[in-house]
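To start, the structure under review is shown below, and the notes come after it.
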Amino acid sequence: MSTRIATVFPILAALSLGAGASSAAEVGDAQQGKLIYQRYCVSCHGERGNGQGEFADWITPKPRDYRQGTFKWRSTPSGSLPTDADLERVLINGLYGTYMPSWNAIGHHQRLDVIAYIKTFSPRFAAEKPQAPIAIPPEPPYTTESVARGAAAYKKFNCSQCHGDSAQGDGPSAHELKDDWGNQIVPYDLTQGHVKCGNGGNDIYRVFIAGLSGTPMPSFADSVSPAEAWDLVHFIQSLSPGYAKNLTGAAAPSGEGSP
Amino acid sequence: MSKRLLSLVLRIGLCAGLSLALAAPSSAIPAFARKYGLRCTSCHESWPVLNDFGRNFRDNGYQLRLGKDDVVTAEPGYWPVSVHITPSYQYTTTTNQATDQGTKSIESGGVADAGMDLLMAGVLTKNISFLVVPTGFASDGNVHLESYWADFSRLIANSDWFNLRVGKHEVDLPASPHRGISLAEPYLIYGYHPGVNAPANAAGAFGLDTNQVGFEMFGHDKASLTRYNVSVFSANDSTGSRNALSSPSIYGHFQKYFRTGSDTLSQYEFGAWGVYATYPTTFLTSGGVPIAGGGGNVQSTTRYGFEAQVWLLHEVAPLHLNLVYGRGSDNKALYFGSADRAGTFQGGFLEAIWVPDVDLLHWGLFTRYDVIRNQDQPIPGTPSNLGDQNQITVGVRYTIAYSNRDEVGIHVEYGTNRERGVGAAGLDVRSSLLFLGVDFLY
């Protein structure tokens with residue numbers, strides 16, 4: 001038996017290494033990605049990537065229309081294409097409170113391939129490069145003082161206009177908001193203890209600075225200082241015990257943001 | 001008995017046997033697809049075999065964990081019930097059967113009297129899910145609960161490593177007979193017992209492929225690449241004994257998957273499994289009839305083995321090979337005096353499932369080779385190879401339509417089994433089955 005095992009393991013290792021070069025390049029295969037898309041994605045996002053799959057009529061928020069190259073969850077500045085890492089972060093984490101599940105279980109290899117295929121729906125990916133990701137400074141400690149400053153910033157930047165005074169997504173404009181495709185959308189209820197794409201402080205910070213393209217949530221990159229942005233993060237985190245707080249200001253652990 | 005009457009009896013017997021062979025329901029649950037808007041292909045490599053995503057979804061207690069699991073967050077029209085039925089034409093042949101007219105082959109065909117699975121499963125509230133499967137509903141009127149359990153996820157420290165299932169459940173086998181792609185031929189190793197000519201005995205009761213009543217503790221890492229399952233149960237079809245667990249048994253399974261990031265060998269897996277099941281061999285009786293729960297002196301039937309799987313080509317359209325090997329032993333006391341030693345055997349199967357990367361994953365081709373080899377025959381004077389089996393199954397499945405609501409496919413399968421020495425005058429018996437079915441779920 002030991003001889004047989006000794007035979008089998010080198011064969012498996014050789015077969016694994018045979019394609020190791022393709023994975024090392026970290027470039028997905030759009031042709032395989034089409035099958036992955038067909039297997040997992042098409043019922044919501046549609047055959048043509050227009051967000052009009054067979055299930056789309058029944059769900060809110062609507063699935064992403066990939067054709068414009070407009071993505072909410074990015075690390076890049078407002079208006080920029082997302083990086084592949086941004087798209088994979090959405091696939092890994094899913095989008096809490098929506099019908100977009102976590103595709104963590106299908107593995108990095110399949111995610112890369114389907115990302116390559118998703119990018120074929122928009123000509124922007126062939127014509128443009130994503131801008132450099134925004135820099136996220138180290139998080140200061142979560143303190144009552146930073147929460148208080150964040151509450152003031154919440155008023156200063158008029159967040160309550162959409163998200164409401166209680167941050168439950170019930171501001172005066174809440175019922176008038178539409179996305180770039182004309183679909184009615186509602187501001188996020190920040191008291192749930194979950195943010196759609198990752199729960200870490202960095203994930204929330206990134207939303208302030210990058211904005212959510214295609215929605216009325218703007219980028220505050222030009223108006224919010226890094227310190228104010230972290231204060232806002234802490235204020236939001238104070239709204240629910242569901243948020244993990246960084247009490248020491250230590251670097252976020254690897255894997256932060258996963259559901 | 002006239003020839004015509006004998007023929008009728010044999011045909012009815014064949015059909016009944018076939019119906020029993022096909023009675024194990026297959027579990028693929030369109031209610032989940034309707035709830036989450038996902039196509040069948042999201043969870044199934046080729047229906048009903050689970051893929052990585054489906055395995056993780058099942059391990060998480062049928063939850064996606066994104067705030068849409070609880071029934072109060074689902075669409076009001078959502079109903080956690082699905083139906084599965086397979087109208088089929090089946091043609092069987094069985095050689096070397098003893099009849100009044102001598103040794104004959106029996107052939108029979110017809111549209112089978114199909115049963116139906118009612119698959120009810122879902123999430124009751126966060127981290128508590130359920131499965132209830134009444135099955136049967138054929139013209140004989142029989143219905144029984146194939147499965148019923150409640151699942152408590154993340155019981156300790158909100159960890160995926162500690163989940164508990166209570167009720168009648170399928171033990172976590174290397175290849176699930178309830179999610180096998182073959183609809184016609186069983187995995188031989190799960191239900192085989194040495195001593196095929198022994199009188200009715202407790203050794204013949206235990207079935208790895210039979211759902212067991214008890215507890216299952218299981219856990220896994222985030223992507224279900226490392227998994228363990230331990231089931232503690234009272235063995236199926238036992239009259240019961242005077243113990244805290246009436247027919248105490250335990251099953252364990254460990255699996256480790258490895259991803260390579262390769263398009264040549266995309267994934268492989270190793271695992272080990274084993275079961276120690278016991279049945280009473282002495283009984284308190286009333287009027288000579290054993291009293292339920294009055295058994296004693298429990299003796300064991302054991303099975304253990306290993307598995308190895310490889311996924312060749314790309315994960316999305318793989319050639320999936322699954323090798324399962326096992327050994328088994330039934331204590332001689334379970335043969336109630338007819339045996340002078342334990343019956344032992346070894347066996348296994350090699351299964352291949354291929355999803356070609358054409359036509360958007362509508363095709364599934366499969367084949368399997370099952371083998372059983374007896375080692376120690378429990379009954380004195382029995383030929384050493386009595387009951388040895390070789391079985392080959394080939395099939396193709398074409399999914400006409402799959403959506404987030406339902407699935408319908410054409411299923412064509414042929415299987416042939418040769419069993420040594422069990423026919424008339426000790427001849428071998430070859431049983432073959434051609435299966436042409438329309439398989440649909442909604």
Side-chain angles (χ1 to χ4, degrees), chain A residues 1 5 8-9 11-24 26 29 31-44 47 53-56 58-59 63 92-110 112-114 192 194 196 255 258-259, chain B residues 33-45 51-57 59-60 63-68 73 75 77 220 222-225 257-268 270 306 308 310 312-317 323 355 357-362 402-405:
Chain A
M1 176 62 74
I5 291 173
V8 168
F9 270 97
I11 292 171
L12 291 173
L15 285 168
S16 307
L17 291 171
S22 65
S23 60
E26 293 288 295
D29 178 342
Q31 191 174 347
Q32 297 289 357
K34 181 177 182 180
L35 287 172
I36 297 165
Y37 184 85
Q38 189 70 26
R39 184 180 276 282
Y40 300 117
C41 316
V42 73
S43 61
C44 289
E47 299 276 357
E54 61 208 18
F55 198 56
W58 313 104
I59 57 177
I92 291 172
N93 291 344
L95 296 174
Y96 191 88
T98 78
Y99 283 89
M100 175 68 182
S102 160
W103 298 104
N104 180 61
I106 70 172
H108 178 61
H109 186 217
Q110 291 197 78
L112 275 186
D113 289 347
V114 77
Q192 288 188 74
H194 294 277
K196 280 184 182 174
S258 300
Chain B
R34 287 192 286 273
K35 179 178 180 183
Y36 293 111
L38 298 170
R39 284 188 173 179
C40 313
T41 53
S42 296
C43 286
H44 299 280
E45 171 183 289
N51 61 19
D52 293 345
F53 184 80
R55 186 176 68 246
N56 188 240
F57 177 65
D59 285 351
N60 284 333
Q63 298 178 103
L64 293 180
R65 301 192 189 284
L66 285 171
K68 293 286 187 184
T73 61
E75 297 296 326
H220 57 93
K222 190 173 177 184
S224 291
L225 297 177
Y257 293 76
F258 301 89
R259 288 192 176 124
T260 69
S262 157
D263 288 349
T264 311
L265 169 68
S266 48
Q267 189 170 204
Y268 55 96
F270 297 106
F306 67 81
V310 295
L312 302 174
L313 310 176
H314 197 285
E315 295 109 308
V316 72
L323 174 68
V355 182
D357 61 352
V358 297
D359 197 21
L360 301 176
L361 309 173
H362 281 272
Y402 52 72
S403 70
N404 57 43
R405 309 292 173 87

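Residue numbers start from 1 in every chain, and the chains themselves are labelled A, B, ... in the order their sequence lines are given, proteins ahead of strands.
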Q: Given side chain to side chain contact (heavy atoms under 4.5 Å, CB included), test B:N51 with A:Y40 step by step and report yes or no.
A: CA-CA 11 Å; B:N51 61 19; A:Y40 300 117; 3.6 Å; yes
Q: Check the pair A:H109 / B:H314 against side chain to side chain contact (heavy atoms under 4.5 Å, CB included), numbers first and verdict last.
A: CA-CA 9 Å; A:H109 186 217; B:H314 197 285; 3.7 Å; yes
Q. So B:L66 and A:T98, side chain to side chain contact (heavy atoms under 4.5 Å, CB included) or not? Walk me through it.
A. CA-CA 7 Å; B:L66 285 171; A:T98 78; over 6 Å; no
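Of the listed residues (B:E45, B:R34, B:R55), the greatest number of heavy-atom pairs within a distance under 4.5 Å of chain A belongs to B:E45. Of all the listed residues (A:Q38, A:K34, A:H194), the one sharing the greatest number of non-hydrogen pairs under 4.5 Å with chain B is A:Q38. Annotation: maximal heavy-atom pairing with chain B below 4.5 Å, among A:G107, A:A105, A:C44, occurs at A:A105.
The part of A:V42 that comes within reach of chain B is its side chain, from C-beta onward, which places non-hydrogen atoms under 4.5 angstrom from that chain. Heavy atoms of B:S224 lying under 4.5 Å from chain A are absent altogether. Looking at B:V355, the atoms closer than 4.5 Å to chain A (heavy atoms on both sides) all sit in the side chain, from C-beta outward.
Although no hydrogens or angles enter the test, the distance criterion places a donor-acceptor pair under 3.5 Å between the side chain of A:R39 and the main chain of B:T41.
For the residue pair A:D29 and B:D263, the shortest heavy atom distance occurs at OD2-OD2, 4.4 Å. The nearest pair of heavy atoms linking A:F55 to B:K35 is CZ-O, 4.2 Å.
If you take CH2 on A:W58 and CG on B:N404, they are separated by 10.0 Å, rounding to the nearest 0.5 Å. Atom CG of residue A:L35 and atom CG of residue B:D357 lie 6.0 Å apart, to the nearest 0.5 angstrom. How far OH of A:Y96 is from CG of B:L64: 12.0 Å, rounded to the nearest 0.5 Å. Here A:Y99 contributes atom OH and B:Y36 contributes atom OH; the two are 9.0 Å apart, rounded to the nearest 0.5 Å. Taking CD1 of A:I92 as the reference point, atom NZ of B:K222 lies at 8.0 Å (rounded to 0.5 Å). In this structure, B:R405 CZ and A:S43 OG are separated by 10.0 Å, a value rounded to the nearest 0.5 Å.
Remark: A:D113 engages no residue in a salt bridge (Lys or Arg N to Asp or Glu O under 4.0 Å) (not counting sequence neighbours). In terms of the salt bridge (Lys or Arg N to Asp or Glu O under 4.0 Å) criterion, residue partners of B:R39 (sequence neighbours excluded) are, by chain and number, A:E54.
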